[in-house]
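Here's the structure we're looking at; comments come further down.
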Amino acid sequence: MLLDQPRNPIVSCILSSASANGSRQRSALARGILHPTGNARLFRAHIQGQFMDKLIIEGGVPLTGVVHVSGSKNAALPILMGSILLDEPVTYTNVPDLRDIRTTFKLLELLGCPNAFENGQVTVTPGALSPEAPYELVKTMRASVLVLGPLLARLGEARVAMPGGCAIGARPVDLHLSALEKMGARFDLEDGYILGRCRKLNGAHIHFDFPTVGGTENLLMAAALADGETILENAAREPEVVDLARFLIACGARIEGHGTSVIRIQGVPRLGGCTYRIMPDRIEAGTLLAAAGITDGELLLTDCPFEELDAVIAKMRQMGMEIEPTADGVLARRSCALRGVDVTTQPFPGFPTDMQAQIMSLMCLSEGSGVISETIFENRFMHVQELVRMGADIRLSGHTAIIRGVQRLAGAPVMASDLRASASLVLAGLAAKG
Ligand code: UD1
């Protein structure tokens, strides 16, 4: 990510730790870590060639300064895939420079949408489309499945590698497929690939069993070019879904109700280009708020999506943090010793599962105890054993973690699993002794 002022290595650190399966990240992000100013040297990153695969954190220093929140990864991914729907070039700004985003550019290129990315801006020029999203790319990024809806809408054909399980659970795509079937698509599984075909997608009345974020996004894109009206009930209300809808509307789509659980889409015959700014990343912002709290520092976040962080901010305030919007940005610090709270992850506007690991780190160093219930993913507690290795007191019982605050955490070698788990370990490392 780009640092507004390189005084805050935490930002780069958290984003750089997007290391599913411990894999490597781009060194551009590490530069902010290697050259922090204004604070003690908190980090050193070991870099091999272009990539970083290890972070060494010297904890115990309060983080202070101003951080610009970068563009949202989870909004950018579907919006970039949305390029496939267009018959004119499109320019995106505020695009974060992350591995998944680079993978998306490769995928778009293979599908017939050449692109040029520089300084957070990219122009994608949809050309002659090809229907195949190969396993080599899909296996590194599950969100590749979001090309399914756009390819079916444009080509009537899609061949997308079946995304496998991932670090945080099985994550099937059955809801995407059954909803697209209602619109007239037919699917077969062949050699590990989902083969989708349709003559033309037709508007349909779809009720999701669960407000799936990716499923809602895939269907929004498919329905934008379908014949007639599509109604999505029990749709996801996440801000990233709203950002996708806004982008599609800017390209000429007719969508109403985004941000509520019933979205209505009137299909249009074509979509044109536009220039679109990706929304700021609410999870990155929330992670930074946690960094201010866990290090007893003071951070001012610029371009912080304050309203989209309601549930997170409410819990952090309950824990004893002061988080206030000011004319210059959102100011975060702690007003007293932190207290444990109970958290249950929920679809938006509830507490986001993508902030579960980070708030757990904060609770590890709070007074009293708290309970975290994970209701979205079945296997999202992989950070727990690593936090315990640093001295945390956490007991797991099924989908629930009971956290008793301890006086201090101690530095230890820990293993990063998924992106948010990695962020939680960085947070713990920042506050740990050694
Ligand atoms: C998106 C986010 C991810 C976030 C999640 C929930 C992106 C790229 N990723 O993931 O960071 O944690 O939303 O806020 O935006 N499910 C099914 N069948 C389906 C679809 C989903 O059973 O067809 C289940 C999943 O296995 C999971 C739950 O529903 O347990 C949530 O999935 P979903 O809301 O679709 O999340 P993603 O779009 O994968």
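Every value quoted in this text rests on a predicted model; they were computed, and no experiment measured them. When a ligand or atom number is given, it counts from 1 through the structure's own listing order.
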Inset, instruction - Please could you name the atoms of ligand 1 that V173 approaches to less than 4.0 Å, counting only its heavy atoms? - result: 19 (C), 23 (O)
Legend entry - Short N or O distance, V213 and ligand 1, threshold 3.5 Å exclusive: yes
Inset, instruction - Answer side chain, backbone, both or neither: which part of L175 comes under 4.0 Å from ligand 1, heavy atoms only. - result: both
Legend entry - Numbering as shown, the atoms of ligand 1 that approach H176 to under 4.0 Å (heavy-atom distance): 23 (O)
Legend entry - Polar contact flag for T212 and ligand 1 (N/O pairs, less than 3.5 Å): yes
Inset, instruction - Not counting sequence neighbours, which residues clear ring-ring contact (aromatic ring centres under 6.0 Å, His included) with F351? List them please. - result: none
Could you give the side-chain donor-acceptor pairs of residues 251-264 under 3.5 Å, partners two or more places apart or in another chain?
unit_1	atom_1	unit_2	atom_2	d
T260	OG1	G257	O	2.6
T260	OG1	V262	N	3.2
T260	OG1	V262	O	3.0

Inset, instruction - Specify side chain, backbone, both or neither for R380, according to which of its non-hydrogen atoms lie closer than 4.0 Å to ligand 1. - result: side chain
Legend entry - Any N/O pair G215/ligand 1 closer than 3.5 Å: no
Legend entry - Donor-acceptor contact below 3.5 Å, side chain K315 vs main chain D342: yes
Legend entry - For atom 30 (O) of ligand 1, the option (of L177, I376, V145, V241) bearing the nearest heavy atom: I376
Inset, instruction - Calculate, to the nearest 0.5 Å, the distance between atoms CG and CZ belonging to D354 and R380 respectively. - result: 4.5 Å
Legend entry - Under 3.5 Å: N/O of G214 near N/O of ligand 1: yes
Legend entry - N74 N/O under 3.5 Å from ligand 1 N/O: yes
Inset, instruction - Looking only at distances, please establish whether an N/O atom of ligand 1 is found under 3.5 Å from an N/O atom of T353. - result: no
Inset, instruction - Could you tell me whether some N/O pair between F210 and ligand 1 is separated by less than 3.5 angstrom? - result: no
Inset, instruction - May I ask you to decide if R277's main-chain N or O and N94's side chain share a donor-acceptor pair within less than 3.5 Å? - result: no
Inset, instruction - Using distance alone, decide if ligand 1 has a nitrogen or oxygen within less than 3.5 Å of any nitrogen or oxygen in P172. - result: yes
Legend entry - Donor-acceptor side-chain pairing of H68 and T302 below 3.5 angstrom: yes
Inset, instruction - Using side-chain contact (heavy atoms from CB on, under 4.5 Å) as the criterion, point out the one residue from N74, L77, V95, L80 that pairs with I278. - result: V95
Inset, instruction - Examine ligand 1 and decide if any of its atoms is less than 4.0 Å from a heavy atom belonging to E240. - result: no
Legend entry - Polar proximity ligand 1 side, R142 side, N/O cut 3.5 Å exclusive: no
